[in-house]
Trainee: 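I'd like to ask you about the structure that follows.
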There are 4 protein chains.
Amino acid sequence: MSVEDKRVKRLPREVREKQILDAAVRVFSEHGYHEASMDEVSEVAGVSKPMIYAYLGSKEDLFAACIRREAGLLMEAIAGGVDPDLAPDMQLWMGLRSFFEFVASNKQSWRVLHRQVISQGGPFSEEVLAMRTRAINLVDALLSRVATKKGMDDHAQKSTEAMSAALVGAGESLADWWLDHPAVPTRTVASWLMNLAWMGFGDMVEGNVWTPSAH
Amino acid sequence: MSVEDKRVKRLPREVREKQILDAAVRVFSEHGYHEASMDEVSEVAGVSKPMIYAYLGSKEDLFAACIRREAGLLMEAIAGGVDPDLAPDMQLWMGLRSFFEFVASNKQSWRVLHRQVISQGGPFSEEVLAMRTRAINLVDALLSRVATKKGMDDHAQKSTEAMSAALVGAGESLADWWLDHPAVPTRTVASWLMNLAWMGFGDMVEGNVWTPSAH
Amino acid sequence: MSVEDKRVKRLPREVREKQILDAAVRVFSEHGYHEASMDEVSEVAGVSKPMIYAYLGSKEDLFAACIRREAGLLMEAIAGGVDPDLAPDMQLWMGLRSFFEFVASNKQSWRVLHRQVISQGGPFSEEVLAMRTRAINLVDALLSRVATKKGMDDHAQKSTEAMSAALVGAGESLADWWLDHPAVPTRTVASWLMNLAWMGFGDMVEGNVWTPSAH
Amino acid sequence: MSVEDKRVKRLPREVREKQILDAAVRVFSEHGYHEASMDEVSEVAGVSKPMIYAYLGSKEDLFAACIRREAGLLMEAIAGGVDPDLAPDMQLWMGLRSFFEFVASNKQSWRVLHRQVISQGGPFSEEVLAMRTRAINLVDALLSRVATKKGMDDHAQKSTEAMSAALVGAGESLADWWLDHPAVPTRTVASWLMNLAWMGFGDMVEGNVWTPSAH
DNA sequence: AATGAATGAGTTTTCATTCAT
DNA sequence: AATGAATGAAAACTCATTCAT
């Protein structure tokens with residue numbers, strides 16, 4: 001009643017910006033970038049449109065700000081859950097768990113991040129692709145350490161980047177699947193992906209590969 | 001020069017429909033559904049807008065038609081490359097190769113299919129999600145056969161669906177990565193994903209799983 | 001089955017024109033001029049649009065042709081029901097009966113005639129107003145004869161035209177009311193209007209008028 | 001010159017809404033609903049189209065708003081001119097005078113009200129038919145009082161509704177005729193219709209009816 | 001700091017009409 | 001005689017964006 005009824009006036013900029021971003025994340029996550037309208041954002045935020053433009057800039061800018069903030073939160077959550085002194089496999093494991101935990105408790109954030117991820121070429125590619133690339137690089141770093149240690153040959157090493165991309169995609173897809181199957185516990189989903197990543201990659205590193213010729 | 005310069009007149013409906021669909025796939029793949037305008041489609045197709053509406057219906061209908069056609073082609077390509085009498089791993093392998101071959105030679109088709117896949121909630125979710133679901137089910141069928149044969153327990157069996165979703169996501173992501181690294185040969189990319197899928201899943205089926213407690 | 005299934009080919013012009021006009025009357029009477037589309041007319045007529053344009057001209061022309069034909073039918077029906085040698089009141093009575101009979105058995109014709117009657121300024125004013133004027137003049141002629149005979153003064157005579165307009169409007173409105181109350185027999189409706197016209201006008205002619213001063 | 005030349009800026013909503021409605025009434029009365037374009041309304045109103053949609057909704061809504069406003073004015077004018085304590089004939093007389101006075105001084109209002117009245121089936125039938133029905137009921141109430149007092153039999157009583165419809169139609173038609181003959185004074189037109197109504201109906205109530213058999 | 005008022009520029013969609021066969 | 005193919009032109013409507021207060 002108090003929140004919706006009477007618009008609070010004269011708030012400091014910081015607070016207003018947060019209000020607006022919260023509303024924007026909600027609206028973008030519900031309708032997607034294109035179907036979302038600035039009118040709805042302003043309504044949900046309880047703030048007039050000119051304020052949005054004054055504080056956050058154009059619709060595109062606003063979306064970018066959302067992505068940045070939510071991506072930052074996701075990355076923090078993962079980084080916070082991982083101890084960089086642990087062995088790579090434990091790091092991956094902790095990272096995956098943190099990722100799925102984040103998705104579970106921040107569905108809207110996840111949606112807004114993931115929904116437009118694919119749409120290359122759109123007006124916001126940069127923000128979104130940058131974030132995705134960061135994720136891939138993170139995984140790549142871990143995999144590379146393992147590969148190097150095990151003395152993997154050049155060709156195989158070059159593949160870690162591709163594997164990382166594949167794993168990130170697997171994670172995204174699995175997270176989506178999970179949203180439709182909420183009964184599955186976090187650690188179960190995480191362990192599925194962990195196995196896919198670790199065993200699949202591990203075998204490969206060890207030269208234990210599937211080949212058609214074997215058949 | 002001849003196709004673009006001078007509008008060919010009075011073509012039979014079939015031909016025009018194909019022209020329009022071709023143009024639509026191109027335009028949608030370049031800009032995405034929302035940024036694409038019917039004006040541009042009509043221009044690229046060399047056909048006036050009323051023809052588009054007369055033959056293919058609304059923008060949404062047109063997009064759905066694109067998805068249906070391209071998804072059909074992709075599925076045909078895969079089905080055509082797979083011999084259902086082979087062992088599951090060989091089927092998966094052939095399927096993956098066909099998939100990547102299709103992506104390589106039909107970049108636009110792939111983009112238009114993949115681009116909007118994530119955007120749940122749009123007006124065309126149905127077409128697009130249906131296609132994705134078909135893909136997941138296909139993989140699931142293969143994985144399940146293996147799991148059953150190896151006497152996997154119930155819990156693990158239940159996971160095949162999730163694994164399939166993850167693998168499809170991995171495939172999509174890897175295909176995207178590949179578009180940026182065209183030097184990599186088809187069979188290499190395919191084998192990477194094959195290993196991830198087969199070895200990762202195979203280990204899991206055999207009870208050879210990674211667990212945090214081991215550390 | 002035969003009428004709808006297979007378009008009969010190579011019919012003489014007269015027949016085609018009738019087909020088209022029939023369809024047009026039906027379509028116009030159902031949707032009104034503006035909501036009606038040439039596509040629907042052509043479909044209902046079982047004739048391609050170019051034929052319509054070739055035979056009947058533009059949409060406006062087509063509508064005018066409908067009005068002309070139906071108005072002609074109505075006028076014929078009335079004229080055929082009236083014996084010009086009778087006394088004016090009997091002529092009016094017969095005319096009214098014929099009018100209501102026509103409305104009862106040609107609802108579509110009536111609708112297409114009446115519906116757009118009011119819309120002065122539209123593209124078809126002329127046809128439609130001409131028809132209405134003819135009707136008013138017909139009534140006027142009858143009323144004038146009576147007025148003259150009864151030695152009505154100039155001022156009152158001048159009023160017959162106005163009274164005729166009023167009576168035509170009353171007839172239209174009553175016909176509409178009747179369409180919603182089909183249980184009422186034709187002669188009852190006709191007699192209501194007859195009384196309104198004859199007694200009301202008759203009193204007036206005889207100087208038996210209502211005046212506010214009397215109260 | 002000042003109103004049309006320079007667009008007055010930043011007016012309160014109320015004022016703009018009135019401006020828009022005024023313009024809409026004018027445009028609709030000139031071209032009718034279908035031929036009128038929102039572009040023209042916006043131009044005449046001196047307001048951009050988005051304002052129209054923001055304040056008054058769709059074209060249909062706008063038209064409905066016009067009808068409602070003008071019908072309200074007409075009804076008020078009539079109600080304001082009638083003393084409900086007077087005898088029925090005086091009420092009818094005062095009502096008719098008020099009606100014609102309104103038509104005389106609000107030609108546009110009358111046109112916009114009357115023009116589409118007939119077009120049943122359009123998207124706005126409801127507004128327009130509702131208004132007409134109100135008018136008919138008003139007359140019916142008066143006529144019924146008389147009929148009851150004079151001990152009219154059931155059958156005849158049932159006819160008052162039809163007579164009311166006829167009289168309303170007569171009034172509409174007469175008003176139209178009058179627009180083309182502006183020299184005739186208001187009270188003359190009103191008295192014509194009054195006589196038609198009162199004497200014609202009065203005779204009927206008294207059993208003084210015209211019958212064909214008398215001839 | 002904050003907003004109601006306002007719009008330019010675009011979108012999808014439809015329809016009367018005509019050409020080429 | 002007859003039509004499938006084709007379009008120019010315009011209509012309703014929306015939205016991101018900004019001005020004046």
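Chain identifiers are assigned alphabetically (A, B, ...) following the order of the sequence lines, protein sequences preceding nucleic acid strands; residue numbering begins at 1 within each chain.
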Trainee: Just the rounded figure in Å: distance from P of E:dT12 to NE2 of A:H34.
Mentor: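 In whole Å, E:dT12 P lies 12 Å from A:H34 NE2.
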
Trainee: Do B:R16 and B:Q19 have side-chain atoms, one donor and one acceptor, less than 3.5 Å apart?
Mentor: yes

Trainee: Rounding to an integer number of Å, can you tell me how far A:Y53 OH sits from E:dA2 P?
Mentor: 18 Å

Trainee: D:E43 CD to E:dG8 P: how many Å, rounded?
Mentor: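 Going from D:E43 (CD) to E:dG8 (P), I get 12 Å.
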
Trainee: Which value, rounded to the nearest 0.5 Å, describes the distance between C:K49 atom NZ and C:M38 atom CE?
Mentor: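 Going from NZ on C:K49 over to CE on C:M38, the span is 8.5 Å.
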
Trainee: Roughly how many Å is it from CG in D:D61 to C1' in F:dC13, rounded to a whole number?
Mentor: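 It works out to 12 Å between those atoms.
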
Trainee: Taking the nucleotide of DNA chain F with the nearest heavy atom to each, does A:A36 or D:S37 sit closer to the 5' end?
Mentor: D:S37

Trainee: Hey, which sits more toward the 5' end of DNA chain E by its nearest nucleotide, B:K59 or C:P50?
Mentor: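 Nearer the 5' end of the strand: B:K59.
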
Trainee: Take the protein atom NZ of B:K49 and the nucleotide atom C1' of E:dT14, then report the distance between them rounded to whole Å.
Mentor: 10 Å

Trainee: Please determine, for F:dT21, whether a Watson-Crick or G-U wobble partner exists with both distances under 3.5 Å, and give it or none.
Mentor: E:dA2

Trainee: Could you give the CD-to-C1' distance, from A:E35 to F:dA16, as a whole number of Å?
Mentor: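 Rounded to whole Å, this separation is 15 Å.
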
Trainee: Could you tell me the separation between the CD1 atom of B:I52 and the P atom of F:dG8, rounded to a whole number of Å?
Mentor: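 My rounded result for the distance is 13 Å.
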
Trainee: Quick one: is D:R16 getting a side-chain N or O under 4.0 Å of the E:dA5 phosphate, OP1 or OP2?
Mentor: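 Indeed not, no polar side-chain atom of D:R16 lies that close.
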
Trainee: Check every strand shown and say whether D:M38 touches a base, only sugar-phosphate, or nothing at a heavy-atom separation below 4.0 Å.
Mentor: sugar-phosphate

Trainee: Starting at the 5' end of DNA chain E, which residue's closest nucleotide do you reach first, B:S58 or C:S58?
Mentor: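 Result of the comparison: B:S58.
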
Trainee: Parallel, tilted or perpendicular: which describes the rings of A:F28 and A:F63, with under 30° parallel and over 60° perpendicular?
Mentor: perpendicular

Trainee: So if I take every side-chain heavy atom of D:M51 and compare against F:dT3, E:dA6, E:dA16, which nucleotide ends up nearest?
Mentor: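 Output: E:dA6.
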
Trainee: Look at all strands and tell whether B:R13 reaches a base, only sugar-phosphate, or nothing, counting heavy atoms closer than 4.0 Å.
Mentor: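 Touches sugar-phosphate only.
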
Trainee: Between B:Q108 and B:S29, is there a side-chain donor-acceptor contact under 3.5 Å, judged purely by atom types and distance?
Mentor: no

Trainee: For the atom pair CZ (C:R111) and NE2 (C:H31), what is the distance rounded to the nearest 0.5 Å?
Mentor: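 With rounding to 0.5 Å, CZ (C:R111) is 12.0 Å from NE2 (C:H31).
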
Trainee: Figure out the CG/P separation between B:D39 and F:dA10, and round it to whole Å.
Mentor: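 Checked: the CG to P distance equals 15 Å.
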
